[in-house]
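Worksheet: one structure, shown below.
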Amino acid sequence: MSESESRSKNFIEEIIEADLASGKHSTIVTRFPPEPNGYLHVGHAMAICLNGGLAREYNGRFHLRFDDTNPVKEEMEYVQSIMEDVKWLGFDWGENLYFASDYFEQLFEWAVHLIKAGLAYVDDSSAEEIREMRGNLTEPGRESPFRNRSADENLDLFERMRKGEFGNGEKVLRARIDMTHPNMNMRDPVLYRIAHAHHHRTGDAWCIYPMYDFAHGQSDAIEGITHSICTLEFEEHRPLYDWFIENLPVPHQPRQIEFARLNVTYMITSKRKLLQLVKEGHVRGWDDPRMPTISGIRRRGYTPESIREMTARAGVAKRNKINDLALMEFCLRKDLEEKAVRRIAVLDPVKVVITNLPEDTREVYAGPNHPAKPEMGEREVVLTREIFIERDDFMEDPPKKYFRLAPGQEVRLRYACYITATDVVKDAEGNITEIHATMDPESRGGSTPDGRRVKGTIHWVSATENVPFECRLYETLFTKEDPNEVDPSTGSGQAPSTGSGQAPSTGSGQAPSTGSGQAPGTFLDNLNPHSLEITKAFGEPALAAASVGERFQFERKGYFCVDPDSKAGSLVINRSVGLRDSWGKQSQRS
RNA sequence: AGGCCCAUGGUGUAAUUGGCAACACAGCUGAUUUUGGUUCAGCUAUUCAAGGUUCAAGUCCUUGUGGGCCUGCCA
């Protein structure tokens, strides 16, 4: 990891180094094992960077393995998007692309092995019966009446399950462990279920499918995974994981290690909820730039380097955590500060007429593409008599330390000259429609012979020579750091602060009990109504050549990225992240 | 309630494995600056609680408290 400065080892690295030092392993093999049933999100990015990064750090191997053991949920579309996302993040599995479904035959043989060893049996109980017999957190389970079938009978039944002689749910194969075990996972877990369903890769070859627990560890063993890194919720599965490894003639003993998944404030990482956002149209799709999906983050304009940097800085540990969005934004700014070409765009324009300039004025100035990197070249900026500036860069009655344009106050137009506001033109409602200003001819180039200092420099773009575009400004998708935090007392969809001063109103004119008791409230109540704002913006002429995916810093505004919705002649640009804004903070405080 | 895991500034992660609690982000102050950006300098703020072991405890032990996960034929 080039982007992570030298730091102390995390607990997984310590385990790996101990294994390497003791000779337990001469090289390590890690894997990223997604189920192809949805799009990858920022939490997966962490898992990819961890596994891929470890393999890189220790010169090991990194596998991509699709955990495709449940045909009813999985689709090829997801396989494609997942491979794209992993590649984009910068991790290469090389030849090591695998599918758990490739191991179905071997897994079947191992199931037979367990049956022969008296460690697995076919259960005719229904799902409800099995659930009922499992007991609960405080009470032990009871043994199934089918638990003591002979190995021969079990073998026969299992073969017939495979042949399709039974319907969905009629039978399952279970491990024969201990129905009183305090760990629920050890209470004769189901190994195989019947599912007459089309699998995205094996087609109709199978109608029985292994469960996660029976597939994962063995897949790790087959591939020679040394360190099988997964999230905390699998901790209680580890005894089962180990049980299979111990009781099966597997070629290799992998070790499962759990770490805390990455969460980020204002983001959700539940596949179900993400799917809901897409299906119900709360966002424009899986790759909506507000989504925490890798595809969304990518479209938003994040760089793979910035995501890798964030995961490295977030660290690895075993406690549940929520990382600050600010860290992610910091990593992006840090990366783009160095790489992004500077451009000027006015997002919320108001016209300024420089009255002492002739109508046909066209002055060309040079603007470096990067203030600290002359090697990045420069471009031409064009000054005309009429320009646009940012609406909030002018105030008729400015507060104390307002350094921008105001009546009688002089500012520098970035790269060009000094202007001083003289007049304001307003419409009938009192809105400012035009500002008049005069330019100091001595100031061309951005400084004057008298060396006087101008505190404010504002950005601007010619009102007659520019590139109009659609600018999409994003804020967090949710208003709460933890989008799942719902106030149980407030119902969903309740308009807040309806009648402010009004007494609680006991039924007076109450609308017929339509909503009676308020619905419990969901994460959707925390959706940010301002998460997307679209403005009609104007960019400097150099923006005309912008292509999809290209990133810029719009000076004083933030980092932006050209959206794929762009068409020839109609640019769409996303704001990836704003610049740090100490004035914004200060002015808000007052 | 039973089992498993976890607890260090606002957030996240460290602490030579029992030896002066630190780094980053965030926040705040100042300097520099043709981006109120960047950069630089500095400041604020931390070991869940109570006992115990020890010359010495963030670290070990006990108890408590708080949080997470577990009762799919999902992964």
Side-chain angles (χ1 to χ4, degrees), chain A residues 5 7-10 33-35 37 67-70 72-74 123 125-127 130-132 134-141 168-174 181-185 187 189-195 209 211-213 215-216 230-239 258 260 262 265 271 310 313-331 333-334 337-338 342 344 367-368 370-372 401-404 412-416 418 445-447 453-459 481 553-558 578-587:
Chain A
E5 42 244 41
R7 42 161 240 279
S8 54
K9 305 292 178 196
N10 63 52
E35 181 187 16
N37 71 340
D67 226 330
D68 55 348
T69 57
N70 186 359
V72 305
K73 287 187 175 181
E74 295 147 9
D123 195 335
S125 307
S126 68
I130 289 178
R131 186 187 318 127
E132 193 270 328
R134 186 156 32 225
N136 57 41
L137 269 17
T138 52
E139 288 159 23
N168 292 352
E170 280 184 36
K171 285 178 169 45
V172 290
L173 182 74
R174 301 176 71 181
H181 200 108
N183 182 339
M184 300 290 279
N185 295 124
R187 321 244 260 231
V190 171
L191 270 28
Y192 271 90
R193 76 285 213 180
I194 297 170
Y209 293 91
M211 300 289 291
Y212 165 85
D213 286 305
H216 202 96
C230 63
T231 46
L232 255 25
E233 67 267 28
F234 292 101
E235 206 148 22
E236 280 202 297
H237 291 247
R238 184 163 15 103
E258 311 84 15
L262 174 78
T265 52
K271 278 188 186 175
M310 172 189 64
R313 285 172 178 258
V316 180
K318 292 194 70 166
R319 77 173 130 162
N320 306 291
K321 60 187 179 186
I322 304 177
N323 278 269
D324 216 320
L325 210 215
L327 177 66
M328 189 163 154
E329 296 184 331
F330 165 81
C331 293
R333 290 194 192 103
K334 179 174 180 265
E337 154 63 24
E338 220 171 295
R342 268 56 173 177
I344 286 177
H370 192 291
K401 287 200 264 182
Y402 187 81
F403 303 147
R404 284 112 98 142
R412 174 165 36 232
L413 295 181
R414 180 76 161 154
Y415 304 129
Y418 296 173
S447 60
R453 291 172 55 89
V454 174
K455 271 198 193 129
T457 297
I458 64 172
H459 61 280
E481 286 202 356
Q553 182 196 95
F554 286 160
E555 296 200 50
R556 302 212 304 136
K557 288 278 121 184
L579 253 26
R580 275 187 66 222
D581 181 10
S582 49
W583 167 249
K585 279 174 199 160
Q586 186 183 324
S587 59

Q: Flag yes if more than 12 heavy atoms outside A/Lys318 fall under 6.0 Å of its NZ atom; otherwise flag no.
A: yes
**Q.** A/Asn320 CG - B/C4 C1' separation (whole Å)
**A.** 13 Å
Q. When the C1' atoms of B/A50 and B/C40 are considered, how many whole Å apart are they?
A. 47 Å
(Q) Side chain of A/Ser8 only, heavy atoms from C-beta on: which candidate in B/G36, B/C25, B/A14 is closest? (A) B/A14
Q.
Taking any heavy-atom pair under 4.0 Å as a contact, classify A/Val454: base, sugar-phosphate, or nothing.
A. nothing
Q: Identify whether any heavy atom of A/Arg238 sits under 4.0 Å from a base atom; if not, whether one sits that close to sugar-phosphate; answer base, sugar-phosphate or nothing.
A: nothing
Q: Could you work out the separation of B/U33 and B/C28 based on their P atoms and round it to a whole Å?
A: 23 Å
Q) Taking only N and O in the side chain of A/Thr265, is any of them less than 4.0 Å away from OP1 or OP2 of B/U11? A) no
Q.
When the P atoms of B/G37 and B/U29 are compared, how many Å lie between them, rounded to an integer?
A. 12 Å
Q | Partner nucleotide of B/U33 by Watson-Crick or wobble geometry (both distances under 3.5 Å) | A | none
**Q.** B/S/- contact track for nucleotides 70-75 of chain B, protein heavy atom under 4.0 Å
**A.** BBSBSB
Q) Between B/G12, B/G37, B/G36, which one does the side chain of A/Lys321 approach most closely? A) B/G12
(Q) Distance check needed: B/C28 P versus A/Asp581 CG, whole Å only. (A) 11 Å
Q | N/O donor-acceptor pair under 3.5 Å between A/His370 side chain and A/Glu337 backbone | A | yes
Q: Tell me the partner of B/G66, counting only Watson-Crick (N1-N3 plus N6-O4 or O6-N4) or G-U wobble (N1-O2 and O6-N3) with both under 3.5 Å; none if nothing fits.
A: B/C6
Q. Out of B/U35, B/C5, B/C25, which nucleotide sits closest to the side chain of A/Arg414?
A. B/U35
Q) So what does A/Phe330 hit on the nucleic acid, given a heavy-atom distance under 4.0 Å: a base, only sugar-phosphate, or nothing? A) sugar-phosphate
Q: Have a look at A/Tyr402 and say if it touches a base, only the backbone sugar-phosphate, or nothing, with a 4.0 Å heavy-atom cut-off.
A: base
Q | Between B/G66 and B/A1 - P atom distance, rounded Å | A | 10 Å
(Q) I'd like to know if A/Arg414 and A/Glu555 make a salt bridge, using a cut-off of under 4.0 Å between side-chain N and carboxylate O. (A) yes
Q) For B/G36, does OP1 or OP2 lie under 4.0 Å from any side-chain N or O of A/Arg556? A) yes
Q: Can you tell me, in whole Å, how much space there is between the C1' of B/G18 and that of B/C23?
A: 23 Å
Q: Looking at every strand, decide which applies to A/Glu258 at a 4.0 Å heavy-atom threshold: base, sugar-phosphate, or nothing.
A: nothing
Q: Please report the closest heavy-atom contact between A/His237 and A/Asn185, naming both atoms and the distance.
A: CE1-ND2, 3.6 Å
Q: Tell me what A/Arg580 touches on the nucleic acid: a base, only sugar-phosphate, or nothing, going by heavy atoms under 4.0 Å.
A: sugar-phosphate
Q. If you measure from the C1' atom in B/U54 to the same atom in B/U62, how many Å do you get, rounded?
A. 16 Å
Q.
Once you apply a heavy-atom cut-off of 4.0 Å, does A/Tyr209 come out as touching a base, just sugar-phosphate, or nothing?
A. nothing
Q. What nucleic acid atoms does A/Lys557 come within less than 4.0 Å of, heavy atoms only: base, sugar-phosphate, or nothing?
A. nothing
Q | Anti versus syn assignment for B/U17, with syn defined as within 90° of 0 | A | syn
